[in-house]
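Every chain is numbered from 1, with letters handed out A, B, ... down the list of sequences.
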Amino acid sequence: MKLSRLLVIVAVLSLVAVACGGGGGGTPEECEADEFGCVTVAAGEPIKIGTLLVITGENQTLGLDSQAGAELAVDYWGDNAFDGTVGQIAGHDIELVNEDEGCSAEGGTAGAQRLVTDTQIVAVIGTSCSSAALGVADKIFGDQGIPLVSPSNTSPALTNPGTHNPFYLRTAHNDTIQGAVVAEFASQELGAASAATIHDGSPYAEGLANAFAAAFEEAGGTITDQVSIQTGESDYSSILTDLATGGPELLYYPIFVAEGGLITQQAVENGSFTYLAGSDGMFTPDWIAAAGAENADGVYISGPDLSQLAGDADFYENEFLPAYNETYGEPTSVFHAHSFDAVNIVLTAIEAVAIEDGDTLHIPRTALKDALFATENFPGLTGTLSCNENGDCQQSATIGVVTVENGDFSDYVYSATKGLEG
Amino acid sequence: MRQPQAVRAGLIGGAVVLYLGAVGMLERFSERSIIVGLIRFNLVVMMAAFFVFALFAYRRATGEANTSLGTGITAGTVAGVTTGVVVIILSLLVDAGVDVRSMFLRISPAFFEAITLGTNPYLGLVILAVIGAVMGAAAGGFRRLQPTPRTIVITVVGTVLLLGLGARLFIPMLQGLGIPTAWLYRSDALTILGAVIVSVLAVVIRLYLQRKGGFRKALTEVPGVTPSNVRPILFALGAIAVLAAPWIGKQFVADVLGTVGLYILLGLGLNIVVGYAGLLDLGYVAFFAVGAYTVALLTARSSSMVGATIFDLAPEPLTNFWVALPITLVVAVVIGILIGAPVLRLRGDYLAIVTLGFGEIIRVLILSDWLKPIFGGPQGITEVADVPAFGADTNDPRVLYYLIIAFALISLFIAGRLKNSRVGRAWAAMREDEDIAEGMGVSVIKYKLLAFAMGAAVGCLGGAFFPAKLGVANPGSFTLLVSINVLAVVVLGGMGSIPGVIVGSAILVGLPELLREFGEYRLHIYGAILVMIMILKPEGLIPDRRRALELHAEEPHESVGPLTAAATPGVQ
Amino acid sequence: MSLLELKGVSIRFGGVQAVKDVDFHADLGEIVGVIGPNGAGKTTLFNIVTGFYTPDEGSMVFDGANISGLKPNALTRLGMARTFQSVRLFNAMTVLENAMVGQHTRTKTGLTGALIKGKATLEEEAMITAKAQEALGFFGQRLLPRQNQLASSMAYADRRRLEIARAMATEPKLLLLDEPAAGMNPAEKEQLIEQVGRLRDEKGYSIVLIEHDMPVIKSVSDRVVALDHGIKIAEGTYDQVASNQQVIEAYLGKAGDDARGDMDDEVST
Amino acid sequence: MTTSARRSSLGIFSRLPVRRIVLIVLGVIITVAAIAGARATLATGQYSGRVWQDLFVQGLARGSVYALIALGYTLVYGILLIINFAHGEVFMAGAFTTLFLAGYLSSSGFMASQPVLSLLIMLAFSALVSMGVALLLERIAYRPLRGAPRLVPLITAIGASLFLQYTFRGFYGEQVRAYPNIPGLTGDWNIFGISIDRPRVVVIGAAILIWSSLYVFIERTKTGRAMRAVGEDREIASLMGIDVDRVIVITFAIGGALAGMAGILFILLFNQASFDMGFVPGLKAFTAAVLGGIGSITGAALGGLVLGLIEAVGPILFLSGAGIPSVGQLTSVVSFTILVLVLIFLPGGFLGAPEEKRA
């Protein structure tokens with residue numbers, strides 16, 4: 001069956017090649033040797049990079065922001081200027097093919113299936129939500145030999161040796177880092193001695209809640225309760241009443257906008273919790289709108305600290321952000337920089353492995369993946385990227401904590417940089 | 001000339017166009033070209049709205065107005081002017097600093113651009129009025145056309161819309177057939193030349209077939225085809241199309257058709273419960289979930305199950321799909337009976353809410369922290385093994401597609417056999433009047449449980465393929481919406497009708513998948529279609545023979561009194 | 001020999017004593033008429049006999065077997081069949097299919113039979129069709145030519161006939177007819193009287209019928225039982241019962257509302 | 001066929017009420033488990049009387065909202081025998097649209113100076129919007145289908161439900177938005193020595209008031225009597241000179257208005273509006289209507305309150321003592337289990353028309 005599929009691909013490609021009058025020669029031996037073959041880009045055809053981000057629904061601000069980062073990266077590539085011209089590799093335009101992942105396993109499957117239909121897709125930037133990737137999109141792309149590079153998946157499970165897909169990488173930080181920073185902030189800065197966590201069962205929220213709980217207990221704090229909730233309910237007040245019986249000082253609920261907003265409201269109304277905290281899933285003005293400004297005031301939110309970018313802060317402030325603002329308005333999330341980096345390491349790897357054959361370009365798939373995993377000391381916007389064998393390209397990350405004042409996010413009130421290993 | 005009906009239809013038409021703008025559809029559709037540089041989809045939709053409401057005006061108009069071109073022109077112009085005037089008012093409001101968008105989010109610059117076709121509101125009013133008048137006149141003219149020119153118009157419009165909208169489906173298909181597409185499509189829209197060529201081709205073919213008296217007749221002119229074997233030949237052609245579709249359209253088409261196949265399985269199962277036996281089940285997704293999770297538990301790499309450490313399992317699947325399948329059937333039947341047993345005494349809507357409750361209970365349990373060690377919580381069970389199929393690579397959705405088609409055929413056979421048998425008659429009697437069926441010797445308990453069990457068995461087949469198709473089983477796939485979808489497939493197709501299930505699945509499941517580019521408006525359009533079809537064809541698209549008779553039969557000759565109506569408290 | 005024997009049967013709905021301490025029997029080959037004003041408990045008695053209601057007290061023996069507590073489907077299998085006062089057919093099924101359902105307890109094709117459709121199933125299916133058509137044929141050209149029409153599309157009198165045919169298809173020993181003549185014109189009533197007689201003579205059924213139409217009762221009944229307020233007030237030949245003072249009073253007392261529709265149709269409300 | 005052969009084919013099960021015995025055993029097992037769970041929960045001593053009190057009030061408040069929405073289901077069902085599946089969206093339409101009025105009232109300072117009047121204006125406005133949507137729904141989706149098989153309007157209702165949801169999503173966007181706080185409605189009130197959140201007091205009080213007015217309307221007015229007559233028997237009602245169409249329209253209007261008011265009460269409790277806010281409460285209210293006995297007005301109120309209480313108290317009381325984690329997730333398991341138990345023993349719900357006496 002593998003063979004027949006290959007035959008079909010070859011047949012289609014040759015037809016396309018004939019139809020377009022391109023005159024590429026035979027297939028280079030690198031392609032024949034490659035388990036997944038090559039992507040062959042005929043003369044005049046673009047190099048296609050897929051994106052699989054959450055671009056509809058209540059979490060769309062997360063994905064649209066990353067999509068903007070990817071588009072800016074394609075713009076900047078080659079001419080090193082945000083001038084609206086699309087970057088090129090060996091005379092081929094770089095084209096983004098955007099799909100939606102809906103922030104769910106089903107959405108991830110559907111979007112991924114659609115992208116793999118296009119055999120010209122070289123690599124995919126995504127997903128936004130860990131639930132769309134874990135065991136779903138990573139597997140579908142991995143089975144086709146397509147690398148998946150996520151700008152904002154942070155669930156530890158995605159890069160756990162046991163569950164890591166060989167074609168999966170990410171430029172987002174691993175949440176073991178974020179959980180540790182929030183725990184450090186809670187116990188040292190706030191002086192909280194006890195905490196409870198809520199997550200919604202998504203790999204992102206669960207991973208973060210668990211990482212926080214582990215670090216918090218290690219720092220000497222007490223975790224009174226860890227519960228998960230059902231998304232989509234209209235009332236969490238009894239769950240909060242239940243949690244309050246354990247008497248935690250801090251309630252940490254690193255979930256998404258809708259439930260995050262409601263729980264913020266009801267926790268404020270409940271009045272038993274001294275501190276409330278969430279993370280990047282709620283780091284958007286939408287969450288403040290959902291919670292109500294009065295309720296959101298004083299809640300702590302963590303996320304990557306872009307003011308402390310280990311990379312070129314000057315470039316970010318003076319070139320990247322203005323270009324972003326001009327086309328897309330104010331950023332609605334913090335992952336555009338990670339997305340920018342993701343596209344750049346992918347394009348760099350393509351450039352490294354592509355075989356030029358006249359005007360035709362051959363990109364061997366396995367070689368591309370290997371080149372991506374070999375990324376070492378890449379000077380990125382978010383810092384120096386080095387990908388390890390499990391796909392984590394951020395070996396350390398700066399995580400900041402903000403609070404809400406008068407219905408707006410404050411400047412960072414706390415910031416710390418931690419490495420992946422402890 | 002006073003034409004109140006025309007004015008009224010026009011006003012409604014204008015309101016509809018404004019509605020489409022206010023919900024953002026026109027804006028979204030303006031991103032989609034049908035013919036490069038000539039027609040965008042938003043224009044098509046607006047023209048269609050003007051045209052349809054002009055036709056509507058004729059339907060309502062009487063006497064002279066019913067034939068005069070004036071009716072259509074009035075209706076169309078009123079629709080266009082209404083739209084234009086409101087757009088001007090809105091733009092004035094925006095200019096005056098009223099923050100319309102704080103409430104109506106889509107009244108953005110892009111909205112004005114889409115609805116005025118890229119001009120300004122004042123010019124837009126003129127353009128809209130002109131388009132309205134032209135479409136109104138076209139509607140009037142269309143009514144007067146002779147059949148042949150009418151066919152030509154319909155064919156041209158239909159072909160261009162179908163090929164234009166389906167570009168992302170047809171391009172890979174054409175390429176799969178080895179046909180170059182550059183002449184026909186440019187950046188997912190038809191080229192002008194391409195549109196002309198395909199229109200002419202379509203018209204020629206259509207007229208040729210018409211002259212020959214239809215496709216079948218035309219087919220008999222092919223050497224070797226006779227009227228007697230035209231049926232099997234058509235059938236064979238259909239079978240070849242079904243079998244070849246995924247190769248021509250590649251993975252995506254195979255994936256969509258596979259999903260349609262799954263819904264055919266689910267629909268056939270629910271059809272037994274609702275259509276045959278008359279038990280309104282709103283929790284049918286339970287069996288889908290049971291099938292999926294049983295297969296997933298048995299065939300996933302067990303290290304992906306959280307409980308693997310508890311049960312000390314080796315990190316490999318417990319068994320393969322073909323062993324898991326019969327186990328799944330048994331589990332589903334048992335659960336079907338367990339769910340059926342307590343609700344035997346409940347009727348109609350009480351049954352509906354309780355089955356809905358069971359569906360929710362099952363979904364919540366597989367989602368819960370409590371049973372997470374077994375079912376994996378929200379992320380479900382990952383790394384489900386592929387279906388081993390004679391050494392083929394089932395990772396390829398095409399192979400799975402064939403398996404699903406094969407099982408759908410088996411289920412079709414089962415459903416057909418059951419329907420026209422002693423068992424099927426007992427169900428039908430029970431559906432019509434439970435008391436009397438019991439009086440005629442039908443054991444209502446036994447046949448209700450049998451219906452639940454058979455429904456569960458067929459439905460779990462759909463479920464069984466689901467994780468194999470997705471590679472995971474997770475609770476997000478087993479929401480109430482699935483139950484509703486399957487019920488809609490059954491009712492829309494025609495209750496109790498087997499071909500109805502196939503058509504219902506194709507329309508309600510296949511079409512939305514293909515129209516994925518409408519993105520957030522998919523469910524919006526889906527809802528509207530559901531309402532429209534049910535109002536236009538309450539008996540379903542392909543009604544069961546008996547039901548069609550029933551709905552169109554004359555009233556009984558003498559009144560049978562209210563008791564007959566009250567005597568059928570079930571689903572009827 | 002008594003085919004059906006009821007002793008001391010009572011049932012109560014809330015505060016209403018619908019049937020009280022009724023003794024009732026029907027002998028083999030006998031036609032028993034049951035009369036009584038509206039609300040007398042006639043249909044309730046039928047519902048008790050056919051298993052739709054479980055009596056609070058009393059014993060019931062049918063064909064030598066104790067039948068109290070049995071469900072309607074079990075009683076059908078034992079050989080009891082009935083029609084309903086407000087014709088209740090399977091409206092969305094054809095005339096033939098309605099009659100075919102009657103054969104249910106006499107046949108046994110199950111799931112496997114239906115799916116495999118082997119020789120036995122096909123033979124049984126043919127037999128069901130034949131027997132159903134035979135039952136339809138009892139009414140001459142009334143039903144048989146319309147066997148593929150929907151039951152709901154039939155004329156009223158034919159719907160009544162179809163109900164009887166459906167009952168006949170169950171191959172009963174005892175047939176209970178609830179107001180079979182209701183809504184029929186005089187000519188149709190004549191036919192009915194003749195047909196009820198034939199049902200006994202040709203088919204050998206024992207028959208119990210409820211009827212308001214006294215001429216019909218008079219013509220067909222071997223014996224008449226009169227009920228009022230759930231109590232048996234008279235029993236005997238038609239003439240004996242008709243001249244019974246209590247019966248006359250019961251009817252006169254209610255003469256005002258002696259209309260067609262009956263009040264005791266609890267099955268359907 | 002001989003008599004004896006027929007008799008032997010009847011199994012012992014023909015007479016024994018096996019099913020009933022099984023169900024009773026099942027019911028007893030679940031009840032015992034629930035009691036054991038409750039005892040274990042209470043034995044932990046983790047929950048003080050104050051906690052139970054809070055949960056109870058939370059349950060009553062949310063139950064009041066369910067009850068008001070359930071009235072809409074029950075009224076329509078009582079008359080047309082159709083499940084108006086889109087009723088949750090009618091509720092959403094009012095609550096979501098009033099968000100903008102509330103925003104205006106709040107930013108103009110009117111709400112701060114006249115909180116009670118503002119609340120009344122919002123209630124009336126929301127009722128109007130919902131009523132309008134309900135009437136449109138009746139006109140477009142249900143009226144053409146009178147007399148069609150009963151599943152058909154159910155499917156139309158589902159279609160209309162999706163259509164309405166996405167229409168409002170199109171109008172107002174997909175984000176969840178918070179209502180402005182109503183001044184004077186924060187903090188607690190002391191009632192009978194118990195301090196209760198003010199919004200909850202208002203919600204429970206308003207619900208009682210609205211429900212009683214409806215009850216009086218149905219029982220005492222001419223229109224109310226006409227509605228009851230149509231519910232009893234449409235044909236006879238029309239023979240008696242009642243304009244059935246008008247009664248149906250009035251029913252939808254009342255149901256819609258109740259849903260709109262329920263929407264504002266819902267907002268008082270949860271402060272949020274979004275396009276999909278109607279679905280879950282709609283489903284719960286439907287459950288409540290069935291629990292109480294669909295068609296019964298008192299039943300709807302009772303069903304709503306019971307369901308609200310079960311949801312608030314049930315998971316913690318019955319499950320947490322058994323060591324089950326995250327019992328809050330299992331709310332619907334508890335509530336639907338109780339629904340099934342109730343319907344097994346009372347097939348018509350608490351106050352529904354009892355099933356006929358059958359063997």
Side-chain angles (χ1 to χ4, degrees), chain B residues 278 410 413-447 450 453-454 457 495-496 544-569 572, chain C residues 50-52 71-77 80-94 97-98 100-111 113-117 121 124-125 128 149-159 163 166-167 169-170 183 261 265 267-269:
Chain B
I410 295 173
F413 173 79
I414 292 176
R417 276 281 166 93
L418 283 179
K419 185 176 176 178
N420 298 308
S421 69
R422 175 172 172 269
V423 177
R425 275 193 305 275
W427 277 333
M430 197 168 80
R431 177 190 69 207
E432 293 300 314
D433 192 326
E434 204 176 303
D435 294 324
I436 309 306
E438 195 162 19
M440 286 300 121
V442 176
S443 165
V444 170
I445 290 181
K446 179 178 158 194
Y447 279 89
L450 192 61
M454 284 311 293
M495 281 231 298
D544 181 33
R545 178 183 54 87
R546 295 191 192 114
R547 272 164 204 275
L549 281 174
E550 182 186 23
L551 274 171
H552 294 296
E554 289 173 41
E555 284 294 301
H557 300 272
E558 285 166 69
S559 169
V560 282
L563 288 172
T564 327
T568 47
Q572 269 295 288
Chain C
T50 50
F52 284 92
K71 291 192 185 122
N73 56 325
L75 290 165
T76 309
R77 185 176 304 171
M80 222 188 261
R82 70 174 287 190
T83 68
F84 293 82
Q85 178 189 354
S86 52
V87 186
R88 287 170 74 175
L89 294 168
F90 304 123
N91 284 317
M93 297 170 80
T94 64
E97 282 168 334
N98 264 275
M100 287 169 87
V101 171
Q103 271 282 309
H104 189 86
T105 55
R106 304 290 169 243
T107 48
K108 58 180 191 302
T109 300
L111 212 51
L115 293 181
I116 296 168
K117 217 169 181 176
T121 306
E124 190 174 275
E125 198 73 353
I128 294 174
Q149 283 185 20
L150 279 186
S152 58
S153 69
M154 305 289 283
Y156 184 65
D158 284 339
R159 289 164 60 80
E163 241 198 334
R166 186 178 63 184
T170 67
D265 53 349
V267 175
S268 42
T269 47

Any residue meeting salt bridge (Lys or Arg N to Asp or Glu O under 4.0 Å) with C:Glu124, in chain and number order, not counting sequence neighbours
none
What distance separates [X] [atom1] from [Y] [atom2], expressed to the nearest 0.5 Å?
| X | Y | atom1 | atom2 | answer |
| --- | --- | --- | --- | --- |
| B:Ile436 | C:Arg82 | CD1 | CZ | 7.0 Å |
| C:Phe52 | B:Glu438 | CZ | CD | 6.5 Å |
| B:Asp435 | C:Thr50 | CG | OG1 | 10.5 Å |
| C:Leu111 | B:Leu450 | CG | CG | 5.0 Å |

Under a 4.5 Å heavy-atom cutoff, which of B:Arg417, B:Met440, B:Arg422, B:Met454 has the most pairs with chain C?
B:Arg422
Does some side-chain heavy atom of C:Asn73 sit less than 4.5 Å from a side-chain heavy atom of B:Lys446?
no
So do B:Tyr447 and C:His104 actually touch side chain to side chain, heavy atoms under 4.5 Å?
yes
Using heavy-atom distances under 4.5 Å, tell me whether C:Thr107 contacts chain B through its side chain, its backbone, both, or neither.
both
Provide the closest heavy-atom pair for C:Ala92 versus B:Arg431 in the form atom of the first, atom of the second, distance.
CB-NH2, 4.4 Å
Nearest heavy-atom pair of B:Arg425 and C:Glu125: which atoms, and what distance?
NH1-OE2, 3.0 Å
Side-chain donor or acceptor of C:Thr105 paired with backbone N/O of B:Gly441 under 3.5 Å
no
